[in-house]
Amino acid sequence: MTGHILYFAYGSNMLTERLTARCASARAVGTGSLADHTLNFSKRSKDGSAKAAPVKKPGCKLPGVLFELNGEEICALDMLEGAGKGYERQTVSVYQDSTTSFIAAETYFATDFDTNKPYDWYHTLVLCGAIQHGLPDWHIEYIQNNEVMVDPKPSRCGRMKAIKELQEAGCEEFLRAID
């Protein structure tokens, strides 16, 4: 894809420092919500944990962050997100808070589900991203109330990257819970 695209982040990619480490051109352009969906930590991950996933739920709305990124970077994001291997990228209609209108954006839907919990470090990325972008208090509380598990491999590359990204974002108070 050439040009710029809009990407709707609802999970760990809401943290700007995480997404820009993956897609250098990414810049937040606002917040929005996906109608008739809620957040669930139910996507099976190859690391033995669960990741964030939008789940269809009529009458609910899933808040998230809209990012603009260079279209060429969507293939890299597809690979990092596991498109075709547990997530599928789709174009969705997102209610954009700043304009009170709907806009088309790319996002990822889980295709492989699990009953495991998210690792504490992953959960912290999602929580700090929601706080960083001022998502609604009810949504932040919902994220906080999800159960997590401690990563049995403290030196896991994903965990180490997450800690670095959280430090860059100034989320030190949350790091105490995962160190």
Side-chain angles (χ1 to χ4, degrees), residues 1-45 50-113 118 122-144 146 158 162 165-166 169 171:
M1 263 185 205
T2 57
H4 286 78
I5 64 163
L6 282 178
Y7 165 58
F8 178 71
Y10 55 79
S12 65
N13 285 338
M14 289 190 295
L15 188 72
T16 299
E17 289 74 9
R18 180 168 184 84
L19 187 58
T20 57
R22 295 170 158 203
C23 299
S25 72
R27 67 178 187 85
V29 295
T31 59
S33 57
L34 185 59
D36 296 323
H37 286 81
T38 188
L39 180 68
N40 200 324
F41 290 93
S42 60
K43 189 260 179 195
R44 181 186 313 274
S45 177
K51 302 296 190 234
V55 176
K56 192 93 167 140
K57 189 167 183 184
C60 289
K61 64 180 182 176
L62 171 57
V65 183
L66 285 162
F67 287 92
E68 184 179 79
L69 52 107
N70 287 336
E72 296 83 26
E73 290 181 314
I74 196 69
C75 291
L77 191 58
D78 281 350
M79 192 167 70
L80 288 163
E81 291 299 311
K85 299 176 184 172
Y87 275 128
E88 289 298 329
R89 179 167 47 93
Q90 295 180 23
T91 303
V92 294
S93 183
V94 176
Y95 177 82
Q96 192 174 15
D97 294 332
S98 63
T99 64
T100 65
S101 61
F102 288 88
I103 191 161
E106 301 296 305
T107 200
Y108 295 88
F109 286 88
T111 59
D112 191 11
F113 298 91
Y122 176 83
H123 179 263
T124 301
L125 288 167
V126 177
L127 177 62
C128 288
I131 292 168
Q132 182 182 60
H133 291 282
L135 294 187
D137 290 342
W138 62 264
H139 188 62
I140 291 168
E141 185 176 323
Y142 173 79
I143 295 168
Q144 287 174 320
N146 275 270
E165 293 156 355
L166 289 162
C171 297

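Remember, it's a predicted structure, so these values are computed and weren't measured experimentally.
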### Query
Aromatic ring centroids of H133 and F67 under 6.0 Å?
yes
Quick check: closest heavy atoms across [X] and [Y], and the distance to 0.1 Å?
X	Y	answer
I5	G71	CG2-CA, 4.2 Å
K61	P63	O-CD, 3.3 Å
K43	A110	CG-CB, 3.5 Å
D97	G32	OD2-N, 3.6 Å
A26	T20	O-CG2, 3.4 Å
A105	L66	CB-CD2, 3.9 Å

### Message
Under the criterion side chain to side chain donor-acceptor pair (under 3.5 Å), I'd like the reasoning laid out for Y87 against D78: C-alpha separation, chi angles, the key distance, then a yes or no.
### Response
CA-CA 9 Å; Y87 275 128; D78 281 350; over 6 Å; no
What is the distance from atom [atom1] of [X] to atom [atom2] of [Y], rounded to the nearest 0.5 Å?
X	Y	atom1	atom2	answer
R22	L80	CZ	CG	5.0 Å
Y10	S33	OH	OG	15.0 Å
E106	T91	CD	OG1	3.5 Å
Y122	L127	OH	CG	12.5 Å
K56	N40	NZ	CG	15.0 Å
L77	C23	CG	SG	4.5 Å

### Message
Tell me whether the rings of H139 and Y142 are parallel (<30°), tilted (30 to 60°) or perpendicular (>60°).
### Response
parallel
Less than 4.5 Å apart, any side-chain heavy atom of [X] and any of [Y]?
X	Y	value
T107	P54	no
Y108	R89	yes
F109	V92	yes
T124	C171	no

### Task
Could you tell me whether a side-chain N or O of E73 sits under 3.5 Å from a main-chain N or O of A24, the two making a donor and an acceptor?
yes
### Query
Between the side chain of Q132 and the main-chain N/O of T16, is any donor-acceptor distance below 3.5 Å?
yes
### Task
Could you give me the CA-CA distance, side-chain angles and deciding distance for H4 and N70, then say whether side chain to side chain contact (heavy atoms under 4.5 Å, CB included) is met?
CA-CA 5 Å; H4 286 78; N70 287 336; 3.1 Å; yes
### Message
Could you walk me through whether L15 and V65 satisfy the side chain to side chain contact (heavy atoms under 4.5 Å, CB included) test, starting with their C-alpha distance in whole Å, then the side-chain angles of each, then the deciding distance to 0.1 Å, before giving a yes or no?
### Response
CA-CA 9 Å; L15 188 72; V65 183; over 6 Å; no
### Message
Please determine whether side chain to side chain contact (heavy atoms under 4.5 Å, CB included) holds for the pair V126 and S12, giving the CA-CA distance in whole Å, both sets of side-chain angles, and the decisive distance to 0.1 Å.
### Response
CA-CA 4 Å; V126 177; S12 65; 4.3 Å; yes
### Side-chain donor-acceptor contact under 3.5 Å, Y7 with N13
yes
### Task
Tell me, with the steps shown, if H123 and F41 meet side chain to side chain contact (heavy atoms under 4.5 Å, CB included).
CA-CA 9 Å; H123 179 263; F41 290 93; 4.1 Å; yes
